Asks: 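Provided herewith is a single structure, encoded as structure tokens, for subsequent inquiry.
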Amino acid sequence: MRVLVTGGAGFIGSHIVTALQDRGHEPVVLDALLPAAHPGPPSLPDAEFVRTDVRDGGAVRAALRGVEAVCHQAAMVGLGKDFADAPDYVGCNDLGTAVLLAEMAAAGVRSLVLAGSMVVYGEGRYTCRAHGTVRPGPRLAEELEAGFFEPRCPDCGAELAPGLVREDAPTDPRNVYATTKLAQEHLAASWARCVGGRAVSLRYHNVYGPGMPRDTPYAGVASFFRSALARGEAPRVFEDGAQRRDFVHVADVASANVVALEAVGGTAAGVLTAYNTGSGDPHTVGAMASALARAYGGPAPVVTGEFRLGDVRHITADSARLRDELGWRAEVGFADGMAEFARAGQRASAGVVG
């Protein structure tokens with residue numbers, strides 16, 4: 001199968017390209033190689049390469065010739081620094097997706113796998129002893145400043161027990177990046193309805209692994225900690241370190257994309273199907289920092305109590321649907337993955353990924 005991989009020179013995209021080749025497919029890499037993401041010449045995949053921005057309709061149209069499916073990874077990721085980043089996020093993520101889908105519609109390409117994100121859920125699933133499943137609102141700055149990090153029941157103020165989120169949970173994006181990721185899904189769903197296309201969104205958890213960007217406010221927390229250790233500094237853990245996340249290895253995410261691309265032709269036409277994509281083995285951010293520091297042989301993490309407005313407390317999702325329907329399973333365990341990541345190289349980056 002000939003597959004166009006947008007953002008195919010980026011962190012996740014390059015792993016997908018390799019995984020596609022290993023399965024006998026023919027990837028075509030489309031990447032703008034923006035300086036913010038690639039401050040130096042990257043190591044390009046051994047595949048057909050088109051250097052262009054996904055918002056360039058003419059170039060995208062040419063790249064789609066002979067393509068049977070699209071794996072859309074090109075995006076600006078992370079929380080960013082402040083709301084001034086909003087136009088860049090919307091332009092890169094949502095306008096870029098709209099241009100790509102319009103060209104796919106014109107070219108007759110009807111299969112799409114989208115890089116989604118678990119951030120579309122906002123806070124995770126919580127249960128109150130008295131009120132059952134509840135949805136707490138955004139955490140307030142004054143509460144965080146006072147060191148009250150756990151969301152409380154909106155009905156009685158009691159402590160809540162975090163659980164796993166399923167794909168049918170309501171969406172509640174809490175920042176600009178999350179909003180653009182949900183908008184991408186809506187655009188893809190609209191495209192599928194209009195053209196009879198088949199679309200899958202893989203809602204990634206916290207992806208980490210070799211080649212992860214370093215030294216950028218847009219990267220994930222694992223990259224922050226790894227970069228600090230490389231500088232001989234202790235990882236700085238925000239809040240109290242008890243935030244729960246699902247850290248999933250990039251090789252597993254790449255294999256999920258290949259499985260989805262191979263299966264998307266058999267999914268229902270005219271709809272978008274979302275799949276949570278995580279390891280199924282949640283850990284706290286503090287535990288991840290400690291495991292990484294031990295494997296690296298660097299200083300122990302420092303819990304700072306700092307926070308970022310817009311961060312959620314706990315978000316771990318149930319990936320059973322992806323396992324049951326497509327037969328995918330994460331293969332890289334937490335301890336082995338962190339040990340590898342501690343030794344692996346990182347790519348230089350200053351912002352946009354993809």
Side-chain angles (χ1 to χ4, degrees), residues 3 5-8 10-20 23 69-75 77-78 93 97 111-122 124-125 163-169 171 173 177-178 180-182 184-185 188-189 198-212 220-222 244-264 267 271-283 288 312 314-334 337 341 353-354:
V3 181
V5 184
T6 70
F11 166 47
I12 297 174
S14 60
H15 285 270
I16 293 171
V17 168
T18 299
L20 283 167
R23 289 279 293 183
V70 172
C71 184
H72 184 31
Q73 305 294 313
V77 305
N93 296 357
T97 299
S111 294
L112 170 73
V113 173
L114 171 69
S117 176
M118 52 82 185
V119 296
V120 300
Y121 298 117
R125 183 179 184 274
L164 299 179
V165 181
R166 298 191 310 182
E167 290 87 351
D168 59 359
T171 53
Y177 168 64
T180 65
K181 296 306 289 182
L182 183 57
Q184 283 185 308
E185 289 194 356
R198 292 171 166 85
V200 165
S201 177
L202 297 177
R203 291 175 174 171
Y204 300 160
H205 277 261
N206 292 69
V207 186
Y208 74 97
M212 195 173 191
V221 66
R244 285 165 52 88
R245 298 290 188 270
D246 185 327
F247 300 98
V248 59
H249 195 276
V250 66
D252 286 327
V253 170
S255 71
N257 275 271
V258 175
V259 166
L261 284 162
E262 292 174 342
V264 69
T267 60
V271 298
L272 176 141
T273 305
Y275 292 100
N276 294 329
T277 308
S279 71
D281 183 24
H283 291 80
M288 185 274 287
V312 298
H314 305 294
I315 177 66
T316 55
D318 187 347
S319 300
R321 183 179 190 179
L322 183 57
R323 296 193 298 270
D324 295 343
E325 294 186 8
L326 301 188
W328 171 88
R329 276 172 173 74
E331 300 291 339
V332 182
F334 177 77
F341 184 45
V353 173

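Scope of the values below: all heavy atoms of this structure, side chains included, with no hydrogens, waters or symmetry mates. For clarity, every value in this text was computed on a predicted model and none was experimentally measured.
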Asks: Please name all residues satisfying ring pair (Phe, Tyr, Trp, His ring centres under 6.0 Å) with His249, sequence neighbours left out, ordered by chain then number.
Replies: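 For His249, the residues satisfying ring pair (Phe, Tyr, Trp, His ring centres under 6.0 Å) (neighbours in sequence not counted) are Tyr208.
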Asks: List for me each residue that meets side chain to side chain donor-acceptor pair (under 3.5 Å) alongside Thr180, sequence neighbours excluded, and say none if there are none.
Replies: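 With neighbours one apart ignored, the set is Asn93.
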Asks: Quick one: are Leu261 and Leu20 in side-chain contact, heavy atoms under 4.5 Å?
Replies: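 Yes. Closest side-chain heavy atoms under 4.5 Å.
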Asks: Ser279: which residues meet the side chain to side chain donor-acceptor pair (under 3.5 Å) condition with it, sequence neighbours left out?
Replies: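 Applying side chain to side chain donor-acceptor pair (under 3.5 Å) to Ser279 gives Asp246.
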Asks: Suppose we screen for side chain to side chain contact (heavy atoms under 4.5 Å, CB included). Which residues come up paired with Val312, at least two apart in sequence or across chains?
Replies: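 For Val312, the residues satisfying side chain to side chain contact (heavy atoms under 4.5 Å, CB included) (neighbours in sequence not counted) are Glu123, Arg174, Arg245, Ile315.
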Asks: Can you find a pair of side-chain heavy atoms, one from Cys71 and one from Thr6, that are under 4.5 Å apart?
Replies: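 No - every pair of side-chain heavy atoms lies 4.5 Å or more apart.
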Asks: Under the side chain to side chain contact (heavy atoms under 4.5 Å, CB included) rule, what do Val5 and Val3 come out as? Steps first, then yes or no, please.
Replies: CA-CA 6 Å; Val5 184; Val3 181; 4.2 Å; yes
Asks: Quick one: closest heavy-atom pair of Ser319 and Gly278, and the distance?
Replies: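 Heavy atoms only, the tightest pair is OG-N, 2.9 Å.
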Asks: State, yes or no, whether a side-chain contact exists between Phe247 and Val207 at a heavy-atom distance under 4.5 Å.
Replies: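 Contact flag for Phe247/Val207 side chains = no.
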Asks: Which heavy-atom pair separates Thr97 from Gln184 by the least distance, and what is that distance?
Replies: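 In this case the closest contact between Thr97 and Gln184 is OG1-NE2, 2.8 Å.
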Asks: I need the minimum non-hydrogen distance between Pro210 and His15, along with the two atoms involved.
Replies: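 Distance-wise, the nearest heavy atoms are O-NE2, 3.0 Å.
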Asks: Could you work out, with side chain to side chain contact (heavy atoms under 4.5 Å, CB included) as the rule, every residue matching Thr273, not counting sequence neighbours?
Replies: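 So Thr273 forms a side chain to side chain contact (heavy atoms under 4.5 Å, CB included) with Val271, Tyr275, Arg321.
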Asks: For Asp168, check salt bridge (Lys or Arg N to Asp or Glu O under 4.0 Å) against everything at least two apart and list the hits.
Replies: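 Checked Asp168 against salt bridge (Lys or Arg N to Asp or Glu O under 4.0 Å); matches are Arg166.
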Asks: Holding to side chain to side chain donor-acceptor pair (under 3.5 Å), I want the full list of residues that pass it with Arg23, two or more places apart in sequence or in another chain.
Replies: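 Checked Arg23 against side chain to side chain donor-acceptor pair (under 3.5 Å); matches are Glu262.
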Asks: Among residues at least two apart in sequence or on other chains, which ones pass salt bridge (Lys or Arg N to Asp or Glu O under 4.0 Å) with Arg329?
Replies: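 Partners of Arg329 under the salt bridge (Lys or Arg N to Asp or Glu O under 4.0 Å) test: none.
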Asks: Shortest non-hydrogen contact from Ala188 to Leu272?
Replies: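 For Ala188 versus Leu272, the nearest heavy atoms are CB-CD1, 3.5 Å.
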Asks: Taking the side chain as every heavy atom from C-beta outward, state whether Ile16 and Gln73 have any pair of such atoms under 4.5 Å apart.
Replies: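 They are in side-chain contact.
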Asks: Examine distances only and state if a side-chain atom of Lys181 and a backbone atom of Ala115 form a donor-acceptor pair shorter than 3.5 Å.
Replies: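 Yes; at least one donor-acceptor contact below 3.5 Å.
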Asks: With side chains defined as the heavy atoms from C-beta onward, is the minimum distance between Tyr177 and Ser117 less than 4.5 Å?
Replies: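 Counting from C-beta outward, Tyr177 and Ser117 do come under 4.5 Å.
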Asks: Just to verify, what does Ala19 make a side chain to side chain contact (heavy atoms under 4.5 Å, CB included) with, not counting sequence neighbours?
Replies: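 Side chain to side chain contact (heavy atoms under 4.5 Å, CB included) list for Ala19, sorted by chain: Ala254, Val258.
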Asks: Considering residues at least two apart in sequence or located in another chain, which fulfil the salt bridge (Lys or Arg N to Asp or Glu O under 4.0 Å) criterion with Arg203?
Replies: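 For Arg203, the residues satisfying salt bridge (Lys or Arg N to Asp or Glu O under 4.0 Å) (neighbours in sequence not counted) are Glu185.
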Asks: Looking only at non-hydrogen atoms, find the nearest pair between Thr277 and Ala256 and report the distance.
Replies: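 Smallest heavy-atom distance, with atoms named: CG2-CB, 3.9 Å.
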Asks: Any non-hydrogen side-chain atom of Leu202 less than 4.5 Å from a side-chain atom of Val200?
Replies: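 In short, these two side chains touch, coming nearer than 4.5 Å.
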Asks: Check Val165 against Ala169 and note the closest heavy-atom contact, atom names and distance.
Replies: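 Closest pair (atom of Val165, atom of Ala169, distance): CG1-CB, 3.5 Å.
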Asks: Run the side chain to side chain contact (heavy atoms under 4.5 Å, CB included) test against Ala263 and tell me which residues pass, sequence neighbours left out.
Replies: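 Side chain to side chain contact (heavy atoms under 4.5 Å, CB included) check on Ala263 returns Leu326.
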Asks: A side-chain contact here means heavy atoms from C-beta on lying under 4.5 Å apart; do Asn206 and Met118 qualify?
Replies: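 Contact flag for Asn206/Met118 side chains = yes.
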Asks: Going by the rule ring pair (Phe, Tyr, Trp, His ring centres under 6.0 Å), which residues pair with His283 if we only count those two or more places apart in sequence or in a different chain?
Replies: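 With sequence neighbours excluded, His283 shows a ring pair (Phe, Tyr, Trp, His ring centres under 6.0 Å) to Phe334, given in chain and number order.
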Asks: Could you check Val119 against Tyr204 for side chain to side chain contact (heavy atoms under 4.5 Å, CB included), going step by step and ending with a plain yes or no?
Replies: CA-CA 9 Å; Val119 296; Tyr204 300 160; over 6 Å; no
Asks: Return yes if some donor-acceptor pair links the side-chain N/O of Arg198 with the main-chain N/O of Thr267 below 3.5 Å, else return no.
Replies: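 Judged by distance alone, yes, a pair lies under 3.5 Å.
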Asks: Quick one: does Asp281's side chain have a donor or acceptor within less than 3.5 Å of a partner on Gly333's backbone?
Replies: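 No; judged by distance alone, with no hydrogens or angles, the pair does not exist.
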Asks: Flag the pair His72 / Leu112 as yes when at least one side-chain heavy-atom distance between them is below 4.5 Å, and no otherwise.
Replies: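 When only atoms from C-beta onward are counted, Leu112 and His72 do touch, with a gap below 4.5 Å.
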